[in-house]
Asker: 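Okay, handing you the structure first.
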Amino acid sequence: MGTIIADNIRRIRASIPQGVKYVVVSKYRPLEQLQAAYDAGERIFAESRPVELSQKAAALPKDIQWHFIGHLQTNKLKLVLPYCSLIQSVDSIHLMEAMEKYCSAADISVNILMEIHIGREESKQGFTEEEAYGFFTENRWKNYPHLCFCGLMGMASHTDDRNLIEKDFSKIHAIYGKILNLYNCPPSFRELSIGMSGDYLLALKHGATMVRIGSASFE
Ligand SMILES: *Cc1c(COP(=O)(O)O)cnc(C)c1O
């Protein structure tokens, strides 16, 4: 098992340019598999459930950087924020308000990505491109002094049509570039988290600075 994971990770690493972050999506995987990925050299792991994240963070080495990529309910912040170096899935103003309040009371700040709804799925969470652009052009990000706006996260449509996937990635890359070019862009804004196991090579063509790879890392 450990060798399969080490081989997968070596192969994936070799396909990702230097400077692009490889986030190992470890949700639902047992600790032994995370340990194998750790032993293969990986230090960024992503989880999507608060309790699972806090338990794994307590059990595994302390130099792991944990990212959160699931829908985060405001009553779960205390299980997530103390452990995470990045919350990738900030999908509503309501959540930002709650995070700002929590961080202000705890006197901490937290790194976040805004989750953008680009795919065609009706049910997906996240901001539209217009909402995200408005948020930055109107300086609304300055209302959240304890949130450090590090960039955007998105998921392409769930399809085998590679042209559609590339269209989605190119749309989010364009909005990322527009925000980055604003004179009042937050100084921390520099990450574009797109691409998963099935489409990360396409995401790399469209400006990904961070790819989130689960199944291909472990299976
Ligand atoms: C599960 C998940 C991934 C990883 O998906 P794989 O196809 O297993 O690589 C990436 N991003 C998010 C937001 C996820 O929920």
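The first residue of the sequence shown is numbered 1, and numbering continues consecutively from there. Only a predicted model underlies this, so the values are computations on that prediction, with no experimental measurement involved. Just follow the structure's listing: the first ligand is 1, and inside any ligand the first atom is 1.
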Asker: Going through the checks in order, is the side-chain contact (heavy atoms from CB on, under 4.5 Å) test met by I112 and M99?
Answerer: CA-CA 10 Å; I112 70 163; M99 289 173 76; 3.7 Å; yes
Asker: Can you name the residues that form a side chain to side chain donor-acceptor pair (under 3.5 Å) with E219, not counting sequence neighbours?
Answerer: R29
Asker: Return the set of residues passing side-chain contact (heavy atoms from CB on, under 4.5 Å) with Q73 (not counting sequence neighbours), or none when no residue passes.
Answerer: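 Partners of Q73 by the side-chain contact (heavy atoms from CB on, under 4.5 Å) criterion, ordered by chain and then number, come out as H71, N75, K76.
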Asker: Once you measure the plane-to-plane angle for W66 and F45, does it fall in the parallel (<30°), tilted (30-60°) or perpendicular (>60°) bin?
Answerer: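 Answer is tilted, since the angle falls between 30° and 60°.
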Asker: Determine which pairs satisfy side chain to side chain donor-acceptor pair (under 3.5 Å) with at least one residue from residues 171-184, sequence neighbours left out, and list them in order.
Answerer: N139-N184
Asker: Does the pair E166 and K205 meet the rule for a salt bridge (charged side-chain N to carboxylate O under 4.0 Å, His left out), with working shown?
Answerer: CA-CA 9 Å; E166 290 210 43; K205 285 170 59 181; 3.1 Å; yes
Asker: Might you list the protein residues in contact with ligand 1, defined as having a heavy atom under 4.0 Å from one of its atoms, sorted by chain and number?
Answerer: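 The answer is V25, K27, I69, M155, M196, S197, R212, I213, G214, S215, counting any residue whose heavy atom sits under 4.0 Å from ligand 1.
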